[in-house]
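Remember, it's 1-based here, ligands and their atoms both numbered in the order they're listed. By convention here, the first residue in the shown sequence is residue 1.
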Amino acid sequence: MKVLLINGSPRAKGNTSVALAEVAKQLEKNGIDSETVWIGNKPIRGCIACNHCKQHSGACVFNDDVCNGISAKFAECNALIVGSPVYWGQPNGALLSIIQRAFYSNGANIAGKPAAAIAVCRRGGASASFETMNMPFQMMNMPVVTSQYWNIVYGREPGQAALDTEGMQTMRALANNMAWLLKATDGKPAPGRGAEPWEPMHFIR
Ligand SMILES: Cc1cc2nc3c(=O)[nH]c(=O)nc-3n(C[C@H](O)[C@H](O)[C@H](O)COP(=O)(O)O)c2cc1C
């Protein structure tokens, strides 16, 4: 079983990387594999609502950034953890663009799989960022995995997050809970929308 970890920071070896590495190490102790993908620091497009992906097997029309490569990994993983630095009280914009595009184009391959978000900040805005990242999970029948605190880690300069001992403990507890859920469910995704087929209602009269 494998957990896909997305590092949404433009700093490859920043504090988000420290938080995710702690999760990966603890997953390994629980016998669960992981793969960490860094979104990089090159330009990333936003969704243009063209619906190209709906006619092209979940491939986003933009093939000049990392989005399609990351969303291709949705099918291979059993669970997803997204980590982001906090920018202006929000997750990093590039990461949000990837999540919005990948979930829209290729959400069928991540639906129902356990998920968690991690927010990394110097001082404030982590709770709002954490909630923002959780929003797509809840629309996609993804069981949101918890810890013993909100998944928040503090640090400013790269590496300082390792000094946040409670944050690191929160990361380990998250990994333990993720491993527990994956083992309890044999890594199978949650069944989905339940008994009722979706009846969209777009508030159009
Ligand atoms: C553009 C920008 C905006 C930021 N906004 C916030 C903020 O709103 N709250 C905060 O506590 N830290 C803020 N920070 C600091 C980062 O969240 C912090 O340095 C974090 O450790 C970065 O994670 P990284 O090392 O993984 O990139 C901001 C940093 C940048 C570059």
Taking a hydrophobic cluster as the set of Ile, Leu, Val, Met, Phe, Trp and Tyr residues connected by side-chain heavy atoms closer than 4.5 Å, whether directly or through intermediates, do I110 and V3 fall within one such cluster?
no

Chain-and-number sorted residues having a heavy-atom contact under 4.0 Å with ligand 1 are S9, R11, G14, N15, T16, P85, V86, Y87, W88, G89, V120, C121, R122, R123, G124, G155, R156

Hey, does the side chain of N51 reach the backbone of K54 with a donor-acceptor pair shorter than 3.5 angstrom? no

The complete set of side-chain hydrogen bond (donor to acceptor under 3.5 Å, both in side chains) pairs with one or both residues in residues 153-162, sequence neighbours excluded, reads none

Applied to residues 106-133, the salt bridge (Lys or Arg N to Asp or Glu O under 4.0 Å) test, sequence neighbours excluded, yields none

Donor-acceptor pairs under 3.5 angstrom involving side-chain atoms of residues 71-84: please list them, not counting sequence neighbours.
unit_1: K73; atom_1: NZ; unit_2: E35; atom_2: OE2; d: 2.8
unit_1: N78; atom_1: OD1; unit_2: K2; atom_2: N; d: 2.9
unit_1: N78; atom_1: ND2; unit_2: G187; atom_2: O; d: 3.2
unit_1: S84; atom_1: OG; unit_2: N92; atom_2: N; d: 3.0

Subject >> Side-chain ion pair, D65 and R101, N-O less than 4.0 Å >> reply: yes

